[in-house]
2 protein chains.
Amino acid sequence: MPRVTDPAAPRIALVGATGVVGTTLLQLIEERGFRYRDLHLVASARSAGREVAVEGRSYQVQDLDGFDFSGIDVAFFSAGARVSTTFVPKAVAQGALVIDNTSAFRMDPDTPLVVPQVNAHELDTRPASGIIANPNCSTIPLVRLLKPVQERWGIRQAVVSTYQAASGAGYSGIEELRAGARAVLDDPDSTGVTGTFSPSLAFDLIPRIDRLLEDGFTFEEQKMLQESRKILALPHLDVTTTCVRVPVVNSHSEAAWIECHNPVDRTELVQLLAQQQEVTVHDLTTPGAFPTPRTAGDPNHVHVGRVRVAAHNPRGFWMWIVADNVRIGAALNALQIAEALTERGVL
Amino acid sequence: MPRVTDPAAPRIALVGATGVVGTTLLQLIEERGFRYRDLHLVASARSAGREVAVEGRSYQVQDLDGFDFSGIDVAFFSAGARVSTTFVPKAVAQGALVIDNTSAFRMDPDTPLVVPQVNAHELDTRPASGIIANPNCSTIPLVRLLKPVQERWGIRQAVVSTYQAASGAGYSGIEELRAGARAVLDDPDSTGVTGTFSPSLAFDLIPRIDRLLEDGFTFEEQKMLQESRKILALPHLDVTTTCVRVPVVNSHSEAAWIECHNPVDRTELVQLLAQQQEVTVHDLTTPGAFPTPRTAGDPNHVHVGRVRVAAHNPRGFWMWIVADNVRIGAALNALQIAEALTERGVL
Ligand SMILES: NC(=O)c1ccc[n+]([C@@H]2O[C@H](COP(=O)([O-])OP(=O)(O)OC[C@H]3O[C@@H](n4cnc5c(N)ncnc54)[C@H](OP(=O)(O)O)[C@@H]3O)[C@@H](O)[C@H]2O)c1
Ligand SMILES: NC(=O)c1ccc[n+]([C@@H]2O[C@H](COP(=O)([O-])OP(=O)(O)OC[C@H]3O[C@@H](n4cnc5c(N)ncnc54)[C@H](OP(=O)(O)O)[C@@H]3O)[C@@H](O)[C@H]2O)c1
């Protein structure tokens with residue numbers, strides 16, 4: 001059903017419109033009825049000219065080189081950190097407010113890093129930099145659950161191991177996992193397919209995501225620490241992680257051990273988590289129940305299960321978290337930022 | 001090459017000889033030149049009569065019901081905890097020393113729970129129960145690395161998330177993963193194949209292994225705590241885990257966060273780990289290097305990588321561990337117990 005474009009609504013541009021995140025953002029705009037005056041789909045020269053249908057209308061993908069942001073109110077960037085580093089400043093200079101899905105500006109002090117369910121108040125005014133950053137896909141579900149825990153019991157440390165899906169590396173990651181899995185099924189000695197991942201992710205695990213830093217942690221692991229601190233405004237919060245890519249197509253999972261300053265009661269904890277916006281607690285009444293990437297249910301919710309307090313240390317508890325990395329971890333969070341900006345009249 | 005059976009060597013029986021662990025035990029007996037006077041392959045009525053070749057000789061699989069252990073010096077059991085609960089006492093009563101791969105007797109106070117690289121001294125004498133228990137497959141590699149860390153720095157707590165392979169559930173687990181993966185590749189909406197696993201393990205994660213206990217932990221998670229305490233003779237050791245099945249065919253992995261009483265130096269730590277018997281440290285000289293289930297190398301070694309001390313908390317460090325669950329976690333450990341017993345003249 002073509003919706004009449006709304007002359008009072010913002011003019012929007014999607015950079016990276018042909019990618020996993022961009023395509024999902026278009027779906028969500030439709031699903032959630034996000035209003036716009038007009039819509040511009042932008043990608044690289046590779047996709048320029050391609051026709052994409054949105055809400056019954058056809059749009060031609062435009063080449064980012066030479067795209068003019070002057071008529072744009074809000075530009076969503078999801079085309080990688082390198083593209084954002086170069087083109088976000090240009091978009092801002094031409095007057096657009098940018099919602100950036102990449103890591104390029106997240107730690108910039110003039111750029112708020114926002115998860116609307118956690119720190120929407122940072123959206124009350126237009127940011128000094130003209131940019132609002134969207135956090136890392138593993139950080140978003142975690143901070144949404146850490147916030148109420150911090151307020152109720154105080155967090156001594158969070159120790160988190162991730163189980164991250166191939167889609168976190170875009171379309172090429174998904175295709176490579178599928179092709180590699182076929183190769184290994186056909187020949188168990190096959191080395192699979194590499195390129196986006198190395199070694200092949202097929203029936204294997206890769207305990208390194210993003211580049212290695214000098215201290216031995218990866219950039220992905222550092223993001224989870226630094227971004228959690230910034231979003232929660234807790235500069236001394238202790239979050240330590242191992243980030244692992246697993247042969248799952250979509251949705252990231254996390255095994256999170258949270259040690260608090262005070263003893264935690266499981267019943268109160270699951271009730272508190274279940275009260276959070278868009279969170280489903282699978283073991284609210286059935287201890288031990290759990291979500292999995294393929295069976296969790298509503299992709300717009302953060303899913304939690306296997307919440308359990310350690311008998312020998314009632315200050316510590318585990319939870320198993322599953323969240324759609326493309327939606328919760330990127331496109332939905334970005335769109336919820338735009339919705340919050342609209343509500344506040346900033347957009 | 002048929003080896004002449006050794007009249008001075010023990011007479012051995014393998015219960016569960018047709019399973020993943022049993023088959024690997026036969027390979028290892030051959031690879032390591034373990035001597036025996038004679039060899040009996042035992043399984044259920046389903047496999048009785050099947051011919052199996054070992055070192056160039058053919059053996060007929062015998063039915064456990066009715067098998068007589070009187071002429072047996074040592075019996076390896078790897079046919080599940082229920083089978084061990086019923087038949088191990090019978091084998092012991094008939095005079096056999098039992099090396100049991102199941103969870104049936106691990107916590108029995110009269111039964112030593114042994115990882116030869118850690119507590120071989122428990123093999124100096126024949127145990128009161130006539131049984132030596134082989135620990136859980138995720139516990140073995142962990143305790144082999146915890147022991148030197150405990151001695152050097154003292155462990156405050158270990159927080160471990162596992163990434164456990166399908167082969168931990170035997171041949172049916174491996175087959176089910178392969179069949180499910182094919183089904184999902186052919187139709188992305190397929191629910192895969194269930195039976196051994198539920199939901200299907202294909203391109204999914206199952207954060208529950210073995211049965212759920214009243215405290216919300218699984219039996220698998222409880223084993224890692226209780227068995228580590230018993231093997232290391234540290235009744236108050238604090239090990240807390242989340243055990244997760246992942247779509248990997250073979251080799252279990254663990255992301256382990258170890259918090260010590262004293263600050264840890266990475267250089268000293270990796271050197272210490274590398275000095276342990278049959279341990280390969282992948283990042284001894286190349287920080288960040290890591291093993292994966294499919295690429296780790298020598299299946300008879302415990303593989304470690306991504307060893308890193310947290311900058312904000314030098315008492316804590318992470319390591320990524322990969323070990324062949326069927327070899328290190330079961331068959332090899334069992335055979336090394338038998339080798340140690342032979343060396344000590346107990347067998
Ligand atoms: N996937 C996730 O879970 C996730 C989560 C959080 C954040 N992110 C971030 O979102 C971004 C995109 O991820 P994705 O998963 O959607 O990747 P993807 O499927 O590979 O898509 C990449 C998109 O960027 C465009 N692009 C690439 N290079 C470009 C260039 N030089 N100029 C203009 N456009 C260019 C591509 O256009 P063409 O069609 O022309 O190649 C495509 O639209 C990345 O920065 C990623 O870190 C992703
Ligand atoms: N796989 C691992 O990583 C691992 C690690 C540590 C411990 N374990 C333990 O080792 C045991 C076997 O595991 P697996 O992986 O080898 O399983 P598997 O591949 O399923 O093999 C099971 C074996 O047990 C035999 N068996 C089953 N029921 C029997 C019965 N009622 N009477 C006699 N024999 C029977 C089977 O014989 P048939 O051919 O006649 O069916 C087969 O030889 C389990 O207790 C498991 O917990 C396994």
Side-chain angles (χ1 to χ4, degrees), chain A residues 157 159-163 177-178 181-182 184-185 188 191-192 199-200 202-208 212-218 225 236 238 240-242 244 246-249 253 255-257 259 266 283 287-288 290-295 305-313 316 318 320 322, chain B residues 157 159-163 177-178 181-182 184-185 188 191-192 199-200 202-208 212-218 225 236 238 240-242 244 246-249 253 255-257 259 266 283 287-288 290-295 305-313 316 318 320 322:
Chain A
Q157 72 169 344
V159 180
V160 182
S161 297
T162 71
Y163 299 68
L177 171 58
R178 289 216 176 102
R182 265 194 204 284
V184 173
L185 285 173
T191 53
S200 172
F203 300 101
D204 211 353
L205 306 168
I206 307 177
R208 182 158 73 201
L212 193 73
L213 304 177
E214 279 212 350
D215 64 1
F217 284 77
T218 59
L225 171 60
H236 304 292
D238 187 352
T240 190
T241 63
T242 289
V244 182
V246 298
V248 161
V249 175
S253 305
W257 164 254
E259 244 180 285
R266 185 194 122 90
D283 56 345
F290 55 85
T292 80
R294 296 190 82 232
T295 66
R306 298 225 50 224
V307 179
R308 59 206 191 276
V309 177
H312 62 280
N313 174 8
W318 280 102
W320 171 255
V322 176
Chain B
Q157 71 169 345
V159 179
V160 182
S161 298
T162 71
Y163 299 67
L177 171 58
R178 289 216 176 103
R182 267 198 203 282
V184 173
L185 285 172
T191 53
S200 173
F203 300 102
D204 211 353
L205 307 168
I206 307 177
R208 182 159 73 201
L212 193 73
L213 304 177
E214 278 212 351
D215 64 0
F217 284 77
T218 59
L225 171 61
H236 303 291
D238 186 354
T240 190
T241 63
T242 290
V244 182
V246 298
V248 161
V249 175
S253 304
W257 165 255
E259 245 179 286
R266 184 194 121 90
D283 56 346
F290 55 85
T292 79
R294 296 190 83 233
T295 66
R306 299 228 45 228
V307 179
R308 60 206 191 277
V309 177
H312 63 280
N313 175 9
W318 281 101
W320 171 254
V322 176

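Since we're looking at a predicted model, the values are computed, not measured. In the text below, chain A, chain B and the rest are named by the order of the sequence lines, each starting its count at 1.
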**Prompt:** What part of A:Val307 gets closer than 4.5 Å to chain B, counting heavy atoms only: side chain, backbone, both or neither?
**Reply:** neither
**Asked** B:Arg182 side chain to A:Leu185 main-chain N or O, any donor-acceptor pair under 3.5 Å?
**Response** yes
**Complete:** Only residue of A:Thr242, A:Thr218, A:Asp215, A:Thr240 satisfying side-chain hydrogen bond (donor to acceptor under 3.5 Å, both in side chains) with B:Arg308 is A:Thr242
**Message:** Is the shortest side-chain heavy-atom distance between B:Ser161 and A:Trp320 below 4.5 Å?
**Reply:** no
**Asked** Which bit of B:Pro291 is near chain A, if near means a heavy-atom gap under 4.5 Å: side chain, backbone, both or neither?
**Response** backbone
**Request:** Give, as side chain, backbone, both or neither, the part of A:Val248 having an atom under 4.5 angstrom from any heavy atom of chain B.
**Result:** both
**Minimum heavy-atom distance between A:Tyr163 and B:Thr162, given as atom pair plus value** = OH-O, 2.8 Å
**Item:** CG-OG distance between A:Asp204 and B:Ser253, expressed to the nearest 0.5 angstrom
**Value:** 8.0 Å
**Prompt:** So, A:Arg306 side chain and B:Gly216 main chain: donor-acceptor pair closer than 3.5 Å or not?
**Reply:** yes
**Prompt:** Between atom OG1 of B:Thr241 and atom CH2 of A:Trp257, what is the distance when rounded to the nearest 0.5 Å?
**Reply:** 10.0 Å
**Asked** Got a second to check how far A:Leu205's CG is from B:Arg294's CZ, nearest 0.5 Å?
**Response** 11.0 Å
**Contact origin within B:Pro199 toward chain A - heavy atom pairs under 4.5 Å** = side chain
**Prompt:** How about B:Pro188 and A:Arg178: do any of their side-chain heavy atoms sit closer than 4.5 Å?
**Reply:** yes
**Contacting moiety of B:Val322, where chain A heavy atoms sit under 4.5 Å** = neither
**From A:Gln157 atom CD to B:Glu259 atom CD, the distance as rounded to the nearest 0.5 Å** = 4.5 Å
**Message:** For chain A, which candidate among B:Leu177, B:Thr292, B:Val160 shows the most heavy-atom pairs at distances under 4.5 Å?
**Reply:** B:Thr292
**Request:** Select one option (side chain, backbone, both, neither) describing which atoms of A:Phe290 are under 4.5 Å from chain B's heavy atoms.
**Result:** side chain
**Item:** Top contributor to chain A contacts, counting heavy-atom pairs under 4.5 Å, from B:Pro293, B:Gly288, B:Pro207
**Value:** B:Pro207
**Item:** Ring geometry between B:Phe203 and A:Phe203 (parallel below 30°, tilted from 30 to 60°, perpendicular above 60°)
**Value:** tilted
